[in-house]
Amino acid sequence: MPAKRKLTMRQLRQMLRLARDGISVRDIAERLGIARSTVQENLKRAEQAGLSWPLPGDLTDEALENRLFARAGVKQGQRRRPEPHWAEAIVELKKPGVTLQILWEEYRAVHSNGYGYSRFCELFRSFESRLSPTMRQDHIAGDKVFVDYSGKKIAIVDSDTGEIRQAEIFVAVLGASNFTYAEATWTQSLPDWIGAHGRMFRVFGGVPRLIVPDNLKSGVNRASFYDPEINRSYGMMAAHYGIGILPARPRKPKDKAKVENGVRFAQTCILGRLRHQTFFSLAEANAAIAGACERINDHVVRRLGVSRRHLFETMERPALAPLPGDDYEFAEWRFVRVGTDYHVEYDGFFYSVPHGLIRAQVDLRATSRTIEIFHRGQRVATHQRRYGGRRHGTDPDHMPSSHRRYADWTPERFRRWAASVGPQTEGLITAILARRPHPEQGFRTCLGVLRLLRDLEPARAEAVSARALQIGALTSKSIASILANRLAAQPARDPEPTAILEHANLRGPGYFH
């Protein structure tokens, strides 16, 4: 072991120059701010090494240090005691509960004349410092997976149109083994982001303790060192797998060095090696990406002497928590407010909740099959998700008692009732229903209008309806005003059917069914 050096190389050079100029040991010590014994010791070392001022011009600080402080009898680069296999020690240290103290005790049990604990740690850190920056991080097996999207994209050609579409590349790296997973997704949106996590966990065959994502908006709503705000849907996915989310700190690249290295891999081993291939589907691209991942995971790490896959299979996979029985089904969460008609809107369709929650804020969970509504953590409604047909999904149990008796009303029923009065009244009711975004929203108006007209003679009711169509009076209040002011007393020209349609502002034939 080299002797401990007490002076910098600059001080040593100055000390030799001052000694050459005949300065006393006392004065040299005073000028350099060191002890006289230190000056005497180092001048003696220089004399034994055959060094004096001026020093050779090509003598570097490193060479000077070796000349002065190398221990006699020990060849540089050789150890005086048996050493452990440092690569194996690196691997063992990543296992849960393993420390340098334990490794040193096991080493001394085999080599009783081996190094002491402090020298053992010093040699271990020296070996560790020669590894790549990614490998030098301390990560416990099964502890973390680092995830991010590569900034570069992969081109996919539509075989029918020839259109080129760019796909994103999702990259994940396990902390201890550096086992790498990558896949292409069309976007960085929440469904693709969460779906990539589920497929990643299936490949791993388990889940680590923590996910470390970059601050991608799909996963982190608000980046913060102290209190990051995790996206609700992303958090529910993590809860399903029993895994925590620990976003990397903003502008702290060391927090995500693993995945940054994985991103560089994606750009070289995937984009670089696959640049001459043409892909016509996302599945075809992912098959090629999987092959690139196999190559990198099977490649032997130079200083460790084993591959990432070997480390994963022997060390990391056994430390992963088991997968849940079912894969996570993507669900989007939203905060919505209940309307005055006790319905909430999602993707253009309306779903009922108990009428007592009118104007309340609720949580809506939407999957590809169901819509669930929660209030204060309690599920209050479940509906089958709608993609077509009637825009309102109403559970009769959610209606006020005064509304339930009208639950079986339909636009056709109102049209039949109006037709029994006459064609003008039927046209008026058709126009009222058609002017509403949803026919159901016009049911109360139709009911009010027909009640106003039911006590009139049919001819009088028809005249009122014709007048209402002429002036576009399509509310029960307007009909009541026509009756009160006898505005339909004079015979009115019957409007043409096309005029009825124009006043109705119809949006399509579906409103007449």
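Keep in mind it's a predicted model, so treat the numbers as computed, not measured.
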In plain terms, say whether [X] and [Y] are close enough for a salt bridge, that is, a side-chain N and a carboxylate O under 4.0 Å apart.
X	Y	value
D347	R385	yes
R119	E122	yes
D363	R232	yes
E30	R26	no

Report the distance from atom [atom1] of [X] to atom [atom2] of [Y], rounding to the nearest 0.5 Å.
X	Y	atom1	atom2	result
E41	S37	CD	OG	7.5 Å
N42	L68	CG	CG	7.0 Å
F330	H240	CZ	NE2	14.0 Å
S307	N178	OG	CG	11.5 Å
H375	L364	NE2	CG	13.5 Å
F350	R391	CZ	CZ	7.0 Å

Any side-chain donor paired with an acceptor under 3.5 Å for [X] and [Y]?
X	Y	answer
T185	Y149	yes
Y181	E183	yes
Y346	E332	yes
Y234	H197	yes

Closest non-hydrogen atom pair between [X] and [Y], with its separation:
X	Y	value
A331	S233	O-OG, 3.0 Å
N286	A184	OD1-N, 2.5 Å
E316	L174	OE1-CB, 3.6 Å
V145	M200	CG2-SD, 4.0 Å
A288	Q277	CB-OE1, 4.4 Å
S368	E329	OG-OE2, 3.7 Å

For this session: Kindly indicate, with the supporting measurements, whether the criterion side chain to side chain contact (heavy atoms under 4.5 Å, CB included) is fulfilled by L323 and F204.
Result: CA-CA 9 Å; L323 289 169; F204 291 166; over 6 Å; no
Treating [X] as the side-chain partner and [Y] as the backbone partner, does any N or O pair qualify as donor plus acceptor under 3.5 Å?
X	Y	value
S352	H398	no
N297	C293	yes
E372	R365	no
D158	D160	yes
D148	P213	no
Y241	Y328	yes
Q11	T8	yes

For this session: For the pair H383 and Y351, name the ring-plane relationship: parallel under 30°, tilted 30 to 60°, perpendicular over 60°.
Result: tilted
For this session: If the plane angle is over 60° it's perpendicular, under 30° parallel, otherwise tilted; pick one for W104 and Y117.
Result: perpendicular
A side-chain contact here means heavy atoms from C-beta on lying under 4.5 Å apart; do [X] and [Y] qualify?
X	Y	answer
L64	R13	yes
H343	T394	yes
F374	V380	no
I373	V344	yes
L320	P208	yes

Go through the structure and list residues passing salt bridge (Lys or Arg N to Asp or Glu O under 4.0 Å) with [X], not counting sequence neighbours.
X	value
R31	none
E313	R317
R295	none

For [X], I'd like to know if atom [atom1] has over 12 heavy atoms of other residues, nucleotides or ligands within 6.0 Å.
X	atom1	result
R337	CZ	yes
Q48	CD	yes
F335	CZ	no

Problem set entry | Of all pairs that satisfy ring-ring contact (aromatic ring centres under 6.0 Å, His included), the ones with a partner from residues 305-324, not counting sequence neighbours | F179-F312
Problem set entry | Residue pairs passing the salt bridge (Lys or Arg N to Asp or Glu O under 4.0 Å) test where at least one lies in residues 163-177, sequence neighbours excluded | K153-E168
For this session: Decide side chain to side chain contact (heavy atoms under 4.5 Å, CB included) for E83 and Y115; before the verdict, give the C-alpha distance in whole Å, the side-chain angles of both, and the deciding distance to 0.1 Å.
Result: CA-CA 8 Å; E83 293 188 53; Y115 292 108; 3.8 Å; yes
For this session: Just jot down the side chain to side chain contact (heavy atoms under 4.5 Å, CB included) partners of D326, sequence neighbours excluded, or say none.
Result: none
